Protein chains: 2
Amino acid sequence: MNKNIRVIAFDADDTLWENEHYFRKTEDEFCRLLSGFLSKSEIQREFYQTELVNLPLYGYGIKGFILSLVETAIRITNNTHDCRIVQEVIALGKKMLNEPVILIDGVEEVLSTLKDKYRLIVATKGDLLDQERKLKKSGLLHYFHHIEIMTEKDDNSYRKLIRHLDIQAHELLMIGNSLKSDVLPVLNIGGHAIHIPFEVTCIHEQVKEHVDHINFQSLLHIREVPAALNYLT
Amino acid sequence: MNKNIRVIAFDADDTLWENEHYFRKTEDEFCRLLSGFLSKSEIQREFYQTELVNLPLYGYGIKGFILSLVETAIRITNNTHDCRIVQEVIALGKKMLNEPVILIDGVEEVLSTLKDKYRLIVATKGDLLDQERKLKKSGLLHYFHHIEIMTEKDDNSYRKLIRHLDIQAHELLMIGNSLKSDVLPVLNIGGHAIHIPFEVTCIHEQVKEHVDHINFQSLLHIREVPAALNYLT
């Protein structure tokens, strides 16, 4: 890895703090609400279909997720039910928006170690308000130069990112839990990437997608980042 | 106005393109949907209360607006009605997200005139996905260096903006239709601002809020911007 890295960009959800399990928890509660109508797997299938259709329109984030849950609930109950289920889905959404932020173990020490040597930013999909709220709740705000919210994390979005950071691609290191969003597009444009799978199960999944690139490293835990960087300079 | 301006930031909604009237149109349709329950003014009052409570949680943008409409509909129908109204509200939201972008007259000529002399950006509240979609639909995307989505447009947000644009405050000119969001905080931090009220009625409202500042100009139309800038250099 190149020692000329100037900016380290961190993915947020499931890299700095836990996220995905809040979505799954809400989905479980949603299935319970509708358990009188369909089985859990049928409800999930209905929901995924709705979400897939709506994603280009709503994007990522809790509000679009909730709107898709509402739409699914109305379809499953076939308009025969009263609106109490919708009301409960709206309440589930507000609960999600108010959930505490649980940091991934070791994140704060890592940021503290890196903050004087690199410009640190957050580069994430999702909703700006949600992510800013999480960043404030996390107590990590002061480590970051700014938050970059991206509608998609593809080659072009990363090109735009380095352009407006006024750096060269090889001066960027992206750290995240998704090969597709945080690693491959960054390598494509000439940047550096570190992959840290979120859960042990993910590691097994990810082994199948073997990435072999001079600008790439895979770590088991975010705590290993400073050592991985020191090793190079 | 200072001739060292390097970055011109444009507000988007109701500065580059029409926006507010889509919200009002949807609100009107919403009131029609619920006209069997309450009068229009009562429905509006119920909705504004809901929106006010939800704004810190949902932020600006169409998705939060729709979630608040859904919540209001359920409260007004008192759960006695079936979910068809909610379904129609969801459809109103999708319609809003798919509305065409109607440019304010003259915008393209102005951007074309300014683009080689200044770094142009969009600085807007709202939802990143919505704003990017509108920017793509507008055909204006290629004029802008990047889009800055801000959760609030206050002094601190503009300080963050100039910090990550790597410019001094006096090198920023902000152009927008809101004194509160686009003008006053920018002047507060030492930047320049041009106010262009969106509608004639707004002009009358704004006369009451008289701004007198060496870094400030008020124009009647965006077409006057290049002349206002030339005048200085």
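Any value given below was found using the heavy atoms of this structure, including those in side chains, with hydrogens, waters and symmetry copies removed. Chain letters run A, B, ... following the sequence lines, proteins first, then strands; residues in each count from 1. Everything numeric here is computed off the predicted structure, so don't read it as measured data.
Of the atoms belonging to His145(B), heavy atoms from both backbone and side chain fall under 4.5 Å from chain A.
The closest donor-acceptor contact from the side chain of Lys63(B) to the backbone of Tyr58(A) lies under 3.5 Å. A distance-only check finds a donor-acceptor pair linking the side chain of Arg133(B) to the backbone of Leu57(A) [under 3.5 Å].
When each of Arg163(A), Glu132(A), His146(A) is scored by its heavy-atom pairs under 4.5 Å with chain B, the top score falls to His146(A). Of the listed residues (Leu128(B), Val70(B), Asp130(B), Asp166(B)), the greatest number of heavy-atom pairs within a distance under 4.5 Å of chain A belongs to Leu128(B).
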Name each donor-acceptor pair under 3.5 Å that joins a side chain in residues 89-96 of chain A to protein atoms two or more places apart or in another chain, with its distance.
| from | atom 1 | to | atom 2 | distance (Å) |
| --- | --- | --- | --- | --- |
| Lys94(A) | NZ | Asn54(B) | OD1 | 2.9 |
| Lys94(A) | NZ | Glu71(B) | OE1 | 2.8 |
| Lys94(A) | NZ | Glu71(B) | OE2 | 3.2 |
| Lys95(A) | NZ | Glu29(A) | OE2 | 3.2 |

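Interatomic distance, Ile62(B) CD1 to Leu67(A) CG, rounded to the nearest 0.5 Å: 11.0 Å.
Of residues 148-156 of chain B, those residues with a non-hydrogen atom less than 4.5 Å from any non-hydrogen atom of chain A are, in numerical order, Ile149(B), Met150(B), Thr151(B).
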